[in-house]
Participant: 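Below are the structure tokens for one structure; questions will follow.
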Amino acid sequence: MADPASYRPQTGEIPTNPGVYRFRDPHGRVIYVGKAKSLRSRLNSYFANPAGLLPKTHAMVHTASSVEWTVVGSELESLQLEYTWIKEYKPRFNVVFRDDKTYPYLALTMSEKLPRVQVMRGDRRKGTRYFGPYTAGAIRETMDTLLRVFPVRSCSAGVLKRAQASGRPCLLGYIDKCSAPCVGRVTPEEHRALAEDFCAFMGGEAKRFITKLEKEMADAVGTLDYERAARLRDDIAALRKVFERNAVVLADDTDADVFALHEDELEAAVQVFHVRGGRIRGQRGWVVEKVEDATTPDLVEHLLQQVYGDDGDSHGRLPREVLVPVEPSNAAELTEWLGGLRGAKVDVRVPQRGDKAALMSTVRENAEHALKLHKTRRAGDLTVRSQALQELQEALDLPVALLRIECFDVSHVQGTNVVASMVVVEDGLPKKSEYRKFSVTGPAAADDTAAMHDVLTRRFRHYLQDKSAQSEASALPGHQAALEAAAAAVLDTATAAPRAKFAYPPNLVVVDGGKPQVNAAARALADLGIEDVYVVGLAKRLEEVWLPDSDFPVILPRTSQGLYLLQRIRDEAHRFAITFHRQKRGKAMTVSALDGVPGLGESKRKALLTHFGSVKGVKAATAAELTAAKGIGPSLANAIVAHFSGDDTAGDALPAVNMATGEIIET
């Protein structure tokens, strides 16, 4: 651990202006981002008496090896820059709210030409409208009920393409649960209007649609069109069934998000009720690990930043009122920022009495139960993970804690399409955003040991390059000015620089294999001069753990949590490598007569086949006719003609065919 005095800046060097600061670890990784009204006062508080800091802040300043800051013009700018950097760097010592994705959402993909309604879980996607969450049974029933009134497309992209190609809709089109834009029953504009009405109904405008249908039903009765009146009656009953599921809790004109939290010394649980038109339209939950010494107002500030800053459709989803348990830090600047996101005024306040305070109490009870449930579920998992990491460290006699483990596996079929995978585990949990795939070619593909040496060399060469680049950047004169320029670029997300991919090294490298693979991996690290990364191998036959240059393996007990952890990491690396290998092998098995044309890539091959319909049509075309296809110039057209002129049967003898299944791809 670093001594804070070794990187403490001189007091006179720190400005008194408002700004944003970043702590970095010895590898250059940002571990904490904060903002301050006075940078000098805030940063001095970290170094004045490190021994007197709270435990997590003490751990942060001793993990860091440098601190840097950026001066901004106002507290609003510091709020924006702090959020941007937290989102970009994901520092380990900042508060990060983990969204509760247990319940599904009803989603409409409004960014597509033909919007699709579907049930979705997981991370939110830009351009998609979300409603919920619901229980698994209720959401299916809700969607099925609404599709009879708003027949929006709900089929997958594959089903849509087949329907467009065949000219026949799917079953939902025949039973009037879809307006069938795929076959032209409605135009894309009319279908989008249906999707907008669906969103409006789910967004709280149910009474408008019910009133409209009631008027249409009365008109149908007046004209003696009883069949249409009966259909409208059933539609009204369906809409009322969905509408009445949500209890009325506030006045009809109330649009608000009601937040409440329950916390202890280590964690906090947050719940929010989304109230639209006085009715509860949805509920969400988060759990946060308090890795920084944040007060409740600080937690509320970070919560609103992340909830509304991460929402790609804040302009349409941010309500007029945001009710919180306590007033957030920097309330004025936060309110101004939220107003800018919504495009109108947002009122952030604490309800004191009445129906809103009573609803806040209900939300707080939900947060309390959520934290209890989280701790109950996590207790066993956290204990097992800690035990596994500790057992592994002791069994391998390693001097460092295993905070980050990387596992590598090589996959091929008889030496063809050789690939490798890298999976990452931090604190015993997989970190899929840092998984990597490698293609292995040339002499390195000769055998598993050569491939392993090549992959490890490439991975850690990137790490050394990133480390060298960071060292050179930090040594440049005028470093603070460069940081301010970088901050301006970060504020403009279109020009933000990409993050380094390999800048953070593991404590332990695990390879899938025995003694030969382990020695190849150790040799790759030694050739690069890396001495602080340890290597082990896990052999499949007897699940033996091999160390470099060791004649005998380490045998872990069959019931060892450390062995279970290694097996899970190895199996995940194997799965990831196999998936990539199958993708590459599938592409290699697709052969076409157009493959041998110099300068003709995949996109231009597709353009030719789309334009002429088949390889035979391409073969019969003249150079002038070929230039009519998208992306085909005169030189390439002449090359295509020359390619086929030497073999009159090329188009017939070698169609595009999948050699694994025999399926003809192009006809």
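Since the structure is predicted, the reported quantities are computational estimates derived from the model, not experimental observations.
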Participant: Using a 3.5 Å distance criterion without hydrogens, assess whether the side chain of Arg185 forms a donor-acceptor pair with backbone atoms of Gly173.
Facilitator: yes

Participant: Between Val272 and Leu303, is the side-chain contact (heavy atoms from CB on, under 4.5 Å) condition met? List the steps.
Facilitator: CA-CA 11 Å; Val272 56; Leu303 171 67; over 6 Å; no

Participant: Just so I know, are the side chains of Lys432 and Phe576 near enough to count as touching, which here means a heavy-atom distance under 4.5 Å?
Facilitator: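 Of all side-chain heavy-atom pairs linking Phe576 with Lys432, none is under 4.5 Å.
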
Participant: Counting N and O atoms only, with roles assigned by atom type, does the side chain of Asn366 sit under 3.5 Å from a partner on the main chain of Thr362, one being a donor and the other an acceptor?
Facilitator: yes

Participant: Any heavy-atom pair between the side chains of Cys407 and Met422 that's under 4.5 Å?
Facilitator: no

Participant: For the residue pair Pro115 and Val152, what are the closest heavy atoms and their distance?
Facilitator: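 In this case the closest contact between Pro115 and Val152 is O-CG1, 3.6 Å.
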
Participant: Could you grab the distance from atom SG of Cys178 to atom CZ of Arg153, nearest 0.5 Å is fine?
Facilitator: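 If I round to the nearest 0.5 Å, the distance is 8.0 Å.
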
Participant: Evaluate the side-chain proximity of Ile236 to Met217: yes if any heavy-atom separation is below 4.5 Å, no if none is.
Facilitator: yes

Participant: In Å and rounded to the nearest 0.5 Å, what is the OG1 to CZ distance from Thr109 to Arg125?
Facilitator: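 Thr109 OG1 to Arg125 CZ: 9.0 Å, rounded to 0.5 Å.
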
Participant: Between Thr128 and Met110, does the side-chain contact (heavy atoms from CB on, under 4.5 Å) criterion hold? Intermediate values first, please.
Facilitator: CA-CA 5 Å; Thr128 300; Met110 301 302 292; over 6 Å; no

Participant: Please walk me through it: do Lys372 and Glu368 pass salt bridge (charged side-chain N to carboxylate O under 4.0 Å, His left out)?
Facilitator: CA-CA 6 Å; Lys372 289 180 180 178; Glu368 183 177 352; 3.8 Å; yes

Participant: Is it the case that more than 12 heavy atoms not belonging to His611 sit under 6.0 Å from its NE2 atom?
Facilitator: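 Enclosed.
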
Participant: For Lys345 versus Arg342, what's the shortest heavy-atom pair and its separation?
Facilitator: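 What the structure gives for the nearest pair is O-NH1, 3.1 Å.
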
Participant: If you measure from the Lys or Arg side-chain nitrogens to the Asp or Glu carboxylate oxygens, is any gap between Asp235 and Arg148 under 4.0 Å?
Facilitator: yes

Participant: Is it true that Asp571 and Arg575 have a side-chain N and a carboxylate O under 4.0 angstrom from each other?
Facilitator: no

Participant: Do Glu434 and Lys431 come within less than 4.5 Å of each other through their side chains, counting heavy atoms only?
Facilitator: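 Yes, side chains in contact.
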
Participant: As a quick check of understanding, evaluate side-chain contact (heavy atoms from CB on, under 4.5 Å) for Leu147 and Val117, giving each step before the final call.
Facilitator: CA-CA 9 Å; Leu147 284 180; Val117 60; 3.8 Å; yes

Participant: Between the main-chain N or O of Asp219 and the side-chain N or O of Thr223, is there a donor-acceptor pair closer than 3.5 Å?
Facilitator: yes

Participant: Restricting to non-hydrogen atoms, name the atom on Leu172 and the atom on Ser154 that form the minimum distance, rounded to 0.1 Å.
Facilitator: CD1-OG, 3.2 Å

Participant: Are more than 12 heavy atoms, taken from residues, nucleotides or ligands other than Arg320, located less than 6.0 Å from that residue's CZ atom?
Facilitator: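 Atom CZ in Arg320 is packed in, count exceeds 12.
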
Participant: How far does SG of Cys170 sit from CZ of Arg162, to the nearest 0.5 angstrom?
Facilitator: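 If we round to the nearest 0.5 Å, Cys170:SG and Arg162:CZ are 10.0 Å apart.
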
Participant: Applying side-chain contact (heavy atoms from CB on, under 4.5 Å) to Thr254 and Glu321, what does each step give before you reach the verdict?
Facilitator: CA-CA 8 Å; Thr254 301; Glu321 284 186 281; 4.1 Å; yes

Participant: Are the side chains of Pro188 and Leu114 in touch, meaning some heavy atoms are under 4.5 Å apart?
Facilitator: yes

Participant: For a 4.5 angstrom cut-off between non-hydrogen side-chain atoms, does Lys437 reach Ser421?
Facilitator: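 Contact flag for Lys437/Ser421 side chains = no.
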
Participant: For the pair Glu112 and Arg116, find out whether any cationic side-chain nitrogen is under 4.0 Å from an anionic carboxylate oxygen.
Facilitator: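 Result for this pair is no, no salt bridge flagged.
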
Participant: Is a side-chain N or O of Arg364 found less than 3.5 angstrom from the main chain of Ala367, in a donor-acceptor match?
Facilitator: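 Looks like no, no N/O pair under 3.5 Å.
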
Participant: Taking all heavy atoms of Tyr174 and all of Pro169, pick out the closest pair and write down the distance.
Facilitator: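 That closest heavy-atom pairing would be CE1-O, 3.3 Å.
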
Participant: Roughly how far, to the nearest 0.5 Å, is the CD1 atom of Ile640 from the CG atom of Leu608?
Facilitator: 4.5 Å

Participant: So do Arg568 and Glu572 actually touch side chain to side chain, heavy atoms under 4.5 Å?
Facilitator: no

Participant: Would you call Glu189 and Arg192 a salt bridge, taking side-chain N to carboxylate O under 4.0 Å as the test?
Facilitator: no

Participant: With rounding to the nearest 0.5 Å, note down the distance linking CG in Leu341 to CG in Leu304.
Facilitator: 11.0 Å

Participant: At their closest point, which heavy atom of Ala577 faces which heavy atom of Val419, and how far apart are they?
Facilitator: O-CG2, 3.7 Å

Participant: So, for Val300 and Pro328, which heavy atoms are closest and what is the spacing to 0.1 Å?
Facilitator: CG1-CB, 3.8 Å

Participant: Centre-to-centre under 6.0 Å for Phe273 and Phe259, is that the case here?
Facilitator: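 For Phe273 and Phe259, the ring centres are not under 6.0 Å apart.
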
Participant: Is it true that Asp144 and Lys177 have a side-chain N and a carboxylate O under 4.0 angstrom from each other?
Facilitator: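 A salt bridge links Asp144 with Lys177.
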
Participant: Please round to the nearest 0.5 Å and tell me the distance separating atom CG of Leu108 and atom OH of Tyr130.
Facilitator: 10.5 Å

Participant: So do the side chains of Gln305 and Trp337 get within less than 4.5 Å of each other, counting heavy atoms only?
Facilitator: yes

Participant: Can a donor-acceptor pair be found, under 3.5 Å and without considering hydrogens, that links the side chain of Ser179 to the backbone of Pro151?
Facilitator: yes

